[in-house]
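Atoms within each ligand, like the ligands themselves, are counted from 1 in listed order.
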Amino acid sequence: MRLSIKIFISISICAIVSILIITSLIIDQNHQMNINRENRRCIQELEIILNTIINNIKYTDDDFEEFEDIIKNYISYYKKDETDFIILKNDQKIYETIENMPINNILLKADSKNYITKIENINEKEYILVCSTLNNEYKIIYIRDITQIYNMKNEMQRYGLILIACSTFILLIISYIISKSITKPLNEIKKRMININDEETNTKLEETNDDFGQLSKAFNNMKQEVKDRNDELLRLVQSKQMFIDNLSHEMNTPLTTIQGYAELLEKIDCTEEQKMKFLQYIQEETKRIKEMYKKLLLISYKKNEDLQIQEEDFEKIVEEIKRQLQQKLLDTKIILVVNNDLKKLNCDKTLIQIAISNLISNAVNVSKEGDRIILNAYENETQNIIEIVDEGCGISEENISKIVEPFYRVDKARSRKLGGAGLGLTMCTNIIKMHNGVLKIESKLGEGSTFRIILEK
Ligand code: ADP
């Protein structure tokens with residue numbers, strides 16, 4: 001059942017039941033007050049009559065034979081349209097102004113101090129009966145017709161019903177409007193939920209200060225989160241697909257080359273010199289695949305547990321890197337300047353060495369003969385910083401964010417010639433990330449670049 005209908009029914013039921021109870025309470029209270037008033041009046045009147053009779057009996061002195069006649073006379077005198085009397089002698093009727101009025105035993109318990117009252121329904125008429133004693137023998141029951149009070153109650157009940165019907169109608173309309181207005185923001189949220197991917201209907205919900213505003217805010221946040229995650233997922237799927245496409249392409253080229261030269265070696269009669277050349281090509285391509293495999297392995301490392309982090313002598317790491325790159329630097333006539341203020345570094349020695357060598361090797365690739373590459377290593381209070389600064393071709397702003405993506409190369413032909421598959425920087429970024437660090441790149445086209453490794457202490 002819809003929430004608006006539930007609210008509508010609940011409000012309607014509560015309101016109608018309340019009106020019913022209140023109306024019937026008011027009517028009953030009013031009726032009871034009228035009965036009480038009549039009761040008091042009857043008692044007062046009976047009291048006056050009794051006093052008058054008693055006084056007059058005294059006046060007539062001891063003539064007891066006339067006693068009953070005197071009482072009857074008084075009673076006849078006081079009898080009116082709406083009042084009647086019954087005289088009892090030793091609880092037996094001796095005189096009555098109304099016929100067939102039953103006398104309940106309760107009434108007979110009356111004495112000179114207590115007036116007993118009883119209400120009786122006779123022939124669809126309501127009577128109030130008040131009984132008191134005149135002396136030990138005689139009792140007088142005062143009877144008043146109060147049907148009019150009951151008629152009034154019935155009349156009020158009729159009016160009450162009309163009132164309830166009218167107010168119920170008005171209440172139904174009000175509760176309908178209230179239920180609609182309460183559930184309107186909820187319906188809006190529901191609509192947006194159903195069409196969560198529909199951009200047109202999915203503008204932000206208004207964030208008011210009430211509970212629904214909070215709900216709208218939570219919904220807006222959730223929607224943004226879902227959208228961000230969707231985008232992220234899409235990006236991941238796309239980049240994964242791109243990675244696979246690039247990988248198969250990169251693998252295909254050297255494998256085709258190897259296959260080609262192997263077939264040549266098998267099929268044609270070639271000279272010793274040709275054979276050596278073909279074998280050299282095969283070796284080069286195999287080396288390329290092996291390099292790619294090593295880098296891919298380092299890219300696929302994801303957790304710090306894969307590392308062997310310990311305090312290392314950074315001086316030794318630099319020496320090792322210099323030794324590795326010595327031949328390349330000599331061949332290209334590029335100078336590596338080292339400014340090292342770092343004594344110790346907490347790291348996985350092998351991996352950090354690979355990352356730094358790769359960055360220097362990249363710098364060599366983009367530098368000209370005689371250029372300088374500077375390796376700065378220093379620390380501040382919280383970080384160890386290693387910078388590789390070159391005077392090479394630099395990188396355009398557009399490419400800075402892309403070069404860390406796998407298989408991305410700025411100058412494809414040149415990069416390929418140098419044996420790169422565009423995996424070096426991706427690998428470096430991953431190694432640094434595993435050390436809880438970041439790689440920052442500053443560069444200007446034609447003015448060289450700075451690759452800065454920042455590792456938290
Ligand atoms: P590769 O392994 O093919 O060298 P990298 O991921 O290391 O690939 O580098 C990606 C691209 O970034 C390279 O094609 C190169 O053009 C560019 N690059 C890397 N280092 C530098 C640098 N120091 N200066 C200018 N461009 C660079």
Notebook entry, point to check: Polar-atom distance check: Val366 versus ligand 1, any N or O pair below 3.5 Å?
Noted result: no
Next item on the list: Just jot down the ligand 1 atoms closer than 4.0 angstrom to any heavy atom of Arg409, in number order.
Entry: 3 (O), 14 (O)
Checklist line | Lys295: numbered ligand 1 atoms lying under 4.0 Å from its heavy atoms | finding: 2 (O)
Margin query: Check whether Lys295 reaches the backbone of Gly422 with its side chain - one donor and one acceptor, N or O, closer than 3.5 Å.
Written below: no
Note to self: Only heavy atoms of Leu425, strictly under 4.0 Å: list the atoms of ligand 1 that pass.
What the structure shows: 5 (P), 6 (O), 7 (O), 9 (O), 12 (O), 19 (C)
Side chains of residues 152-167: which donor-acceptor partners sit under 3.5 Å, not counting sequence neighbours?
unit_1, atom_1, unit_2, atom_2, d
Glu155, OE1, Arg158, NH2, 2.2
Ser167, OG, Leu163, O, 2.7
Ser167, OG, Ile164, O, 3.2

Notebook entry, point to check: Does Asp84 reach the main-chain N or O of Ile143 with its side chain, forming a donor-acceptor pair under 3.5 Å?
Noted result: no
Note to self: Can you confirm, on distance only, whether ligand 1 has an N/O atom lying under 3.5 Å from any N/O atom belonging to Val410?
What the structure shows: yes
Item checked: Ser443 contact mode with ligand 1 (heavy-atom cut-off under 4.0 Å) -> neither
Check: Just which atoms of ligand 1 are under 4.0 Å from any heavy atom in Leu423?
Finding: 2 (O), 6 (O), 8 (O)
Check: Contact between Gly392 and ligand 1, counting heavy atoms under 4.0 Å?
Finding: no
Notebook entry, point to check: Got a sec: does the NZ of Lys349 have more than 12 other heavy atoms crowding it under 6.0 Å?
Noted result: no
Notebook entry, point to check: Would a distance-only check, ignoring hydrogens and angles, find a side-chain to backbone donor-acceptor pair under 3.5 Å from Asn346 to Glu311?
Noted result: yes
Notebook entry, point to check: Is the closest N or O pair between Cys393 and ligand 1 shorter than 3.5 Å?
Noted result: no
Notebook entry, point to check: Are His31 and Tyr150 an aromatic pair by the rule of ring centers under 6.0 Å?
Noted result: yes
Checklist line | Qualifying residues under salt bridge (Lys or Arg N to Asp or Glu O under 4.0 Å), relative to Glu398, sequence neighbours excluded | finding: Lys402
Item checked: Sidechain N-carboxylate O distance under 4.0 Å for Asp231, Lys227 -> yes
Item checked: Tyr408: numbered ligand 1 atoms lying under 4.0 Å from its heavy atoms -> 10 (C), 11 (C)
Note to self: Within ligand 1, which atoms have a heavy atom of Ser449 less than 4.0 Å away?
What the structure shows: 24 (N)
